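If you're wondering where the values come from, they're calculated on a predicted model, not measured in any experiment. Letters A, B, ... mirror the listed sequences (proteins, then strands); counts begin at 1.
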2 protein chains.
Amino acid sequence: MSTPELEQALRGAALRVTRPRLAVLTALHGHAHATTDEVLGLVRQQHPEVSHQAVYDVLRALTTTGLVRRIEPQGSVARYELRVGDNHHHLVCRSCGSIADVDCAVGAAPCLTPSEDHGFVVDEAEVIYWGLCRACAAPTVLPTLEPPAERGTR
Amino acid sequence: MSTPELEQALRGAALRVTRPRLAVLTALHGHAHATTDEVLGLVRQQHPEVSHQAVYDVLRALTTTGLVRRIEPQGSVARYELRVGDNHHHLVCRSCGSIADVDCAVGAAPCLTPSEDHGFVVDEAEVIYWGLCRACAAPTVLPTLEPPAERGTR
DNA sequence: CGTGCAATCTTGAACGAGTCAAATGAACAC
DNA sequence: GTGTTCATTTGACTCGTTCAAGATTGCACG
C-alpha cells in the first residue's frame, strides 16, 4: 500500500496526515494482529522519536474512524489489523497465541442474527475460534528440539 | 442451588471445599456476568473477611476446572458465569455494557466450524453479538423534563 | 479423633497495559 | 505567510490483575 493511498485514507476519515499515523498504517499493513507494543517497535524502526502515547492515540483514532480494527482475545493485550471491509473472524491458538484470519462462515448477514435478541439491536457479530495451531497441535516428539516454546501468554 | 450440590461440584473437580469457594459459587448463581469486584462484594456480604486475592484465586481455579466460564468483552473487565454446559453466546450493549445470554444460533456442532481452518484444531467457537440493548436503543426521552414533542429518528 | 502435608487463604507489594494532563509542535484552511 | 486547531511529547498516574511470603485449614490416613 503506497503512501498516497494511506494519505487518502486518512483524509477520507477527516484525520490529519502525520508521520506517526502513516507509520502506524504502514506497520499494520505488514504485520496483521500486532500489539500496541509491536506497532511501537515497528514505527520506531523508521521514526525513533515517536512516543508511546502517540501510538496509543493514533491507534484509537484509527479504530474509532474504522480504518483499523481492534481485537482483544482473552488473556491477550489488544491487537490491531487494517480493516479491509470484509467481515472476517479469527482463529486463536490457546497455546502460542497466534492468530489467523478466516472468512465469515455463513456470509455477511446471517452470522449477525442470534436466535433470540432479547430486545438488542445487533450490528455486529464477532466470532473467535479457539484451538491449537498446526505447530502447537503437532505431536511433541521433536527429536532434537524442545516442544514449541510458549509465547504471548501470561 | 444448595450447598451440598455446590460441595459436590467442587469435589468433582478435585477442589477442596472452602468457605470462599462456596460463597463465590453462590454469588455467581445469583448474578451472572459479575465482575471480580462484584463477586468480591457479594461474597463479603456473607463473609467480610474474604480477601481480594482469594476471590481471584477461586475464580481462576473454578475457571480452569470448567465450573465457571470467564468472558472478557472488549473494553470490559473480566466477567464470570456458572458454566451450565450448554454452548451459549453473549449479546453485549455497546452503550451500557450490559450482557445477555443467547443460545447458539446454529446448535452445538456447526458453529464450531470455520470455513477454512488454516491447520488449526478448533475446539470452541466464541460468539459476541454487539449492539444496543433495549434501553439504550430507545429514544432518549428524559422523563422529568418536558414531554417529547416530536417523533421519528434523530 | 489426632496428625501432617499440601492446598488454600491473608496480607501487602508489585506489575503493566492503558489513560490523563500540560505544554510544545505541526497541518492545513485562509 | 499566519493562526487556529489538532497532534504529539513528556511524565505521572490509575486500576485490574498477579506475585510472594507466611499463616490457615481441608482432608487423607492411621
Side-chain angles (χ1 to χ4, degrees), chain A residues 3-4 6-25 27 33-41 43-44 46-65 67-68 70-80 97 150 152-154, chain B residues 3-4 6-25 27 33-41 43-44 46-65 67-68 70-80 97:
Chain A
T3 301
L6 298 177
E7 287 190 13
Q8 189 136 18
L10 286 171
R11 289 187 214 280
L15 294 175
R16 287 184 182 172
V17 177
T18 67
R19 202 170 284 278
R21 286 177 178 178
L22 290 174
V24 166
L25 286 175
H33 315 133
T35 64
T36 307
D37 213 51
E38 288 164 354
V39 171
L40 181 59
V43 167
R44 283 186 171 164
Q46 300 299 319
H47 308 286
E49 77 285 358
V50 170
S51 71
H52 181 68
Q53 187 64 359
V55 170
Y56 273 97
D57 285 347
V58 169
L59 286 171
R60 181 170 350 149
L62 296 176
T63 302
T64 57
T65 56
L67 290 179
V68 157
R70 174 186 176 124
I71 58 177
E72 232 174 286
Q74 301 233 3
S76 166
V77 299
R79 291 166 180 273
Y80 297 87
E150 283 198 25
T153 39
R154 276 191 292 154
Chain B
T3 300
L6 297 177
E7 288 190 13
Q8 188 135 18
L10 287 171
R11 289 187 214 280
L15 294 174
R16 287 185 181 171
V17 176
T18 67
R19 201 166 281 278
R21 288 178 175 175
L22 290 174
V24 166
L25 286 174
H33 315 133
T35 64
T36 307
D37 212 50
E38 289 165 352
V39 171
L40 181 59
V43 166
R44 283 186 170 162
Q46 301 299 320
H47 307 286
E49 77 285 359
V50 170
S51 71
H52 184 66
Q53 187 63 0
V55 171
Y56 274 95
D57 285 347
V58 168
L59 286 172
R60 180 167 354 147
L62 296 176
T63 302
T64 57
T65 56
L67 290 179
V68 157
R70 173 184 177 126
I71 57 177
E72 234 174 285
Q74 301 233 4
S76 166
V77 300
R79 291 167 179 273
Y80 297 86

Enquirer: At their closest point, which heavy atom of A:Glu72 faces which heavy atom of B:Gln74, and how far apart are they?
Expert: OE1-OE1, 3.4 Å
Enquirer: Return the value, rounded to whole Å, for the distance between atom CZ of B:Arg44 and atom C1' of C:dT10.
Expert: 11 Å
Enquirer: Hey, is the side chain of A:Thr36 poking within less than 4.0 Å of OP1 or OP2 on C:dA17, counting only N and O atoms?
Expert: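 Indeed not, no polar side-chain atom of A:Thr36 lies that close.
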Enquirer: Rounded to the nearest Å, what distance is computed from the CZ atom of residue B:Arg60 to the C1' atom of nucleotide D:dT18?
Expert: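 Interatomic distance, CZ of B:Arg60 to C1' of D:dT18: 7 Å.
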Enquirer: Identify which nucleotide among D:dT9, D:dA7, C:dC9 has an atom closest to any side-chain atom of A:Arg21, counting heavy atoms from C-beta outward.
Expert: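 My answer, after comparing the listed nucleotides, is D:dA7.
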Enquirer: One character per nucleotide, please: for nucleotides 21-30 of chain C, 5' to 3', B when the base has a protein heavy atom closer than 4.0 Å, S when only the sugar-phosphate does, - otherwise.
Expert: -----BBS--
Enquirer: Can you tell me how far C1' of C:dT10 sits from NE2 of B:His47, to the nearest Å?
Expert: 16 Å
Enquirer: Would you mind reporting whether A:Leu15 and A:Arg21 have side-chain heavy atoms less than 4.5 Å apart?
Expert: yes
Enquirer: What's the CD-P distance between A:Gln74 and D:dT17, to the nearest Å?
Expert: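 Going from CD in A:Gln74 over to P in D:dT17 covers 11 Å.
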Enquirer: Using a heavy-atom cut-off of 4.0 Å across all strands, would you classify A:Asp37 as base, sugar-phosphate, or nothing?
Expert: nothing
Enquirer: For B:Asp57 and D:dA20, give me the distance from atom CG to atom C1', rounded to whole Å.
Expert: 12 Å
Enquirer: Within the structure, does a side-chain N or O atom of B:Tyr56 lie under 4.0 Å from either OP1 or OP2 of D:dT18?
Expert: no
Enquirer: Do the side chains of B:His52 and B:Leu40 get nearer than 4.5 Å, heavy atoms only?
Expert: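 B:Leu40 vs B:His52: side chains touch.
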Enquirer: Look at atom CD of A:Gln8 and say whether more than 12 heavy atoms of other residues, nucleotides or ligands are closer to it than 6.0 Å.
Expert: no
Enquirer: Where do B:Ala9 and B:Leu67 come nearest, in terms of heavy atoms and distance?
Expert: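 B:Ala9 and B:Leu67 have their closest heavy atoms at O-CD1, 3.8 Å.
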Enquirer: Out of C:dT10, D:dT18, C:dG18, which nucleotide sits closest to the side chain of A:Val77?
Expert: C:dG18
Enquirer: What heavy-atom pair brings A:Val58 and A:Pro20 nearest, and what distance separates the two atoms?
Expert: CG2-CB, 4.3 Å
Enquirer: Atom CD of A:Glu38 to atom P of C:dA17: distance rounded to whole Å?
Expert: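 Going from CD in A:Glu38 over to P in C:dA17 covers 11 Å.
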Enquirer: Under 4.0 Å, counting only non-hydrogen atoms across every strand here, what does A:Thr35 touch: a base, just sugar-phosphate, or nothing?
Expert: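 Result for A:Thr35 = nothing.
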Enquirer: For A:His52 and C:dG18, give me the distance from atom NE2 to atom P, rounded to whole Å.
Expert: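 Answer to the nearest Å: 9 Å.
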Enquirer: Please tell me which of A:Pro20 and B:Arg70 maps to the more 5' nucleotide of DNA chain D, matching each residue to the nucleotide holding its nearest heavy atom.
Expert: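 Looking at DNA chain D, the more 5' nearest nucleotide goes with A:Pro20.
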Enquirer: What's A:Ala78 touching, base or sugar-phosphate or nothing? Going by heavy atoms closer than 4.0 Å.
Expert: sugar-phosphate
Enquirer: Using whole Å, what does the distance between atom P of nucleotide C:dA17 and atom CD of B:Glu72 come to?
Expert: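 Computing the B:Glu72:CD to C:dA17:P distance gives 15 Å.
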Enquirer: Return the minimal non-hydrogen interatomic distance between A:Arg44 and A:Ser51, and the atom names on each side.
Expert: NH2-CA, 3.7 Å
